[in-house]
Amino acid sequence: MDEKLLKPYDPKTTENRIYKLWEESGFFNPDNLPDDRKETFTIMMPPPNATGTLHMGHALFLTIEDIMIRYKRMRGFKTLWLPGTDHAAIATQSKVEKEIYKKEGKSRYDLGREELLKRIDEFVEKNKNIMTSQMRVMGASCDWSREAFTLDEKRNLAVNTIFKKMYDDGLIYRGNRIVNWDPKGQTTISDDEIVYEERNAKLYTFKYSKDFPISISTSRPETKIGDVAVAIHPDDKRYEQFVGKEYDVIFCGVPLHIKIIADKEVDPEFGTGALGVTPAHSIIDWEMADRHSLPRPQVINEYAKMSIGGENLLGKKTTEAREIIVSWLRSENLLEKEEEVKQNISTAERTGGIIEPLPKLQWFIDVNKPIKERDNKTLKDLMREPFEKEKIKIIPDYFSKTYFHWVENLRDWCISRQIWYGHRVPVWYRSTTLTAGKEEIYVGMKTPGNDNWKQDEDTLDTWFSSSLWTFSTLGWPEKTKDLETFHPTDVLETGYEILFFWVARMVLMSQYALGEIPFRKVFLHGTVRDIKGRKMSKSLNNGIDPLDIADKFGADAGRMALVVGTAPGTDSKISEDKIRGYKNFANKIWNITRFISDNVDENDFESSIQNKLTKEFYEIAEEITADMENYRFHLASEKIYQYVWHRFADEIIEESKKIIKNGGKKAEERKIALALIWAECLKILHPFMPFVTEEIWSMLPLKEKSLLMVEKWPS
RNA sequence: GCGCGGUUAGCUCAGUUGGUAGAGCGUGUCUUUGACGUAGACAAGGUCAUAGGUUCGAACCCUAUACCGCGCACCA
């Protein structure tokens with residue numbers, strides 16, 4: 001017997017050593033796996049943001065994905081789990097900017113583009129190293145030789161290649177359109193990066209001037225100096241007579257020319273049933289301006305300050321301007337009603353800034369344009385189809401409905417960002433005397449030359465590069481062997497909160513660029529919450545660090561605590577008590593081994609197959625295998641736990657003590673059965689608790705054995 | 001407003017196609033048995049949110065209601 005077994009199991013002295021053993025074996029890399037493996041199983045790791053260290057959410061996805069990979073590896077698949085990190089453009093830049101401002105009092109403009117990028121690179125490099133070592137601590141059996149970063153050279157080539165292709169196909173266009181502007185982060189953001197916060201607001205009802213015939217309601221009076229029309233519903237009898245008429249008014253010192261229009265977007269039930277149209281500062285109004293050929297004066301600038309008006313307004317913050325206008329309305333006796341309403345305010349997910357809709361010249365992806373190369377389907381079609389035809393299945397499947405709903409409501413995707421960190425828009429401009437004042441545009445992989453060409457200042461939405469992840473990681477646009485072998489990937493395992501951000505866009509890009517789906521299954525996990533059900537966050541200081549858990553209880557215990565009883569798509573609560581329970585389980589496994597570890601000849605295992613206990617075990621093993629195949633890891637883990645502790649240890653071993661004590665043939669038979677079942681249990685336990693099982697495996701007195709991680713799954 | 005989840009033991013949650021309700025933690029009593037006290041044995045504890053329906057049979061299927069959570073839209 002190994003002397004280590006005489007003491008309680010100590011994950012601290014074991015886990016690091018075991019991980020090194022695995023890494024040195026080379027088996028993380030599918031090219032090095034034993035036997036001739038044909039069927040592949042591939043997972044692209046959702047790259048964690050390079051903004052910090054890993055938290056329990058990361059620990060959860062690492063655990064689930066590692067379970068899938070280890071299981072398939074033991075089933076003889078050529079398994080690839082490709083790790084990486086995400087440059088997370090806005091999140092990373094704003095974090096570094098904050099740090100620099102705090103320490104040195106300098107803004108990004110003080111530092112300049114080059115210096116800021118240098119600082120961010122250093123920050124990211126540091127975090128990447130921390131994060132990859134954390135992944136190792138969790139036992140992640142991913143292929144480090146293929147590690148990728150969303151902003152490295154290869155991924156940049158993929159980004160530029162697809163940008164050019166989409167531009168040439170007319171799917172990427174530059175347009176002056178209303179966008180979500182974040183005055184705090186000084187950048188645009190996409191619709192999906194908005195979070196709504198409910199707040200109390202006031203709804204004001206008033207007339208522009210005394211002789212104006214219609215009253216309107218708004219919660220943002222300051223935008224009204226940008227009004228060009230009043231819209232009513234076409235069927236609204238109350239205002240019918242005014243449609244088509246035009247009025248000139250002086251509104252708080254600003255001359256306005258107001259046309260009365262009829263538009264079906266207007267809700268006759270809301271407020272007065274008449275809506276002041278402000279094309280430059282409201283998405284709906286912008287679209288109305290399209291339909292009715294209205295001008296679009298901008299009255300608010302990028303700093304959320306008034307850009308028009310007299311001395312009283314010019315340069316004032318929107319909130320100040322609001323009060324000024326309201327008091328003007330009061331003094332002019334134009335204000336008719338003031339009521340408290342609940343309102344959803346759009347804020348930027350990353351910076352918390354209040355979104356100001358503004359017209360800006362930006363790059364967009366057209367989701368409604370027919371693509372010749374793809375049978376005239378639109379990008380929207382390409383996103384929807386694989387789910388409709390069930391080429392891609394979502395687990396749990398009820399998320400499909402949410403997905404369809406989202407695709408239906410999808411608008412063109414604004415992909416340019418006014419920040420410096422990220423893939424720079426691969427477009428160059430120049431205007432020379434030759435071009436007669438008109439700007440010349442070049443879209444390509446690199447600058448067309450030094451003569452007056454200037455690259456677009458903007459960078460791309462971080463999700464643009466992440467959306468290529470399943471194939472950019474495999475070397476696309478080059479036709480690599482990896483791409484041929486491993487794409488489409490098998491499972492995308494991620495959190496439900498990025499179903500749209502990421503999952504949908506990967507489908508879009510893969511369908512468009514390769515004409516094939518990026519993955520066959522989408523496995524969605526929930527959010528890991530604290531014991532009170534709150535999200536873990538820095539401000540609440542209720543986070544649990546996976547490294548602390550690994551240190552205190554062992555990574556195996558942490559993994560089990562995360563996976564047992566956590567059904568796909570549902571949130572879970574984690575507590576130290578739960579984790580402690582699985583630390584005890586690891587010790588249990590250890591002690592069982594101490595009892596079993598008599599020398600047994602594995603050639604006798606064959607004789608034990610018909611044994612009642614062995615048969616019972618294989619029935620349970622079969623159930624567990626079915627759970628594994630159907631992504632019910634929360635059940636599989638619980639079943640093996642139940643069996644090992646409460647059936648095998650509590651009952652079978654107890655009963656075996658007497659039998660073995662009595663000696664004879666029965667004792668020998670029992671010993672063989674126990675050894676066989678135990679070896680098989682370790683295999684089933686391995687994907688869940690890889691460290692302790694591998695350690696025990698190395699001590700088992702079996703003659704023909706490799707690492708447990710490449711042993712054959714019992715079936 | 002539209003949609004999606006949830007409501008099961010004191011707490012946290014499982015329950016795969018409808019067939020006598022499960023686990024962990026906690027609680028109580030007992031056991032220094034030779035794998036393990038990080039343990040073992042035994043036990044208490046549930047009209048499965050409510051009301052109807054389908055069925056021989058419902059935690060599970062259908063309808064409605066209530067409450068909790070979430071997504072989308074509106075947000076003039």
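Every chain is numbered from 1 and lettered A, B, ... according to where its sequence line falls, protein lines coming before strand lines.
The nucleotide whose nearest atom lies closest to any side-chain atom of A:Thr402 is, among B:A35, B:U38, B:G71, B:G71. Among B:C36, B:C4, B:U16, the nucleotide with an atom closest to any side-chain atom of A:Arg632 is B:U16. Comparing B:A35, B:U16, B:A73 by their closest approach to the side chain of A:Asp627 singles out B:U16. When distances are taken from the side chain of A:Phe595 to each of B:A35, B:C75, B:G15, the shortest belongs to B:A35.
Residues from residues 567-576 of chain A placing a heavy atom under 4.0 Å of any atom in RNA chain B, listed by number, are A:Thr570, A:Lys573.
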Reading nucleotides 17-33 of chain B from 5' to 3' and marking B where a protein heavy atom lies under 4.0 Å of the base, S where only the sugar-phosphate is that close, and - otherwise, the string is ------SS---------
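The side-chain heavy atoms of A:Asn368 and A:Asp412, taken from C-beta on, include a pair separated by under 4.5 Å. The shortest side-chain heavy-atom distance between A:Cys252 and A:Leu313 falls under the 4.5 Å cut-off.
Between the C1' atoms of B:U38 and B:U47, the separation comes to 39 Å (whole Å). Comparing the C1' positions of B:A14 and B:G6 gives an interatomic distance of 14 Å, to the nearest angstrom. B:C30 and B:G19: their C1' atoms are spaced 37 Å apart (whole Å). Taking the P atoms as reference points, B:C25 lies 30 Å from B:G69, given to the whole Å. B:G18 and B:G57: their C1' atoms are spaced 8 Å apart (whole Å). For the C1' atoms, the distance from B:U12 to B:G26 is 11 Å, rounded to whole Å. For the P atoms, the distance linking B:A21 with B:U16 amounts to 14 Å, nearest Å.
The number of heavy-atom neighbours closer than 6.0 Å to CD of A:Glu497, taken from other residues, nucleotides and ligands shown, is above 12.
Without hydrogens or angle criteria, A:Arg647 side chain to A:Phe617 main chain gives no donor-acceptor distance under 3.5 Å.
Residue A:Lys639 is classed as a base contact, given a heavy-atom separation below 4.0 Å to a base. Contacts of A:Ile345 with the nucleic acid, taken as non-hydrogen atoms under 4.0 Å apart, are absent.
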Pairs under 3.5 Å (Watson-Crick or G-U), crossing ones as [ ], inter-strand ones as |: RNA chain B comes out as (((((((..((((.....[..)))).(((((.......))))).....(((((..]....))))))))))))....
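Aromatic ring centres of A:Tyr247 and A:Phe212 lie closer together than 6.0 Å.
The interatomic distance linking A:Ile659 (CD1) with B:G34 (C1') rounds to 17 Å, in whole Å.
A sub-4.0 Å separation between OP1 or OP2 of B:G40 and a side-chain N or O of A:Lys588 is present.
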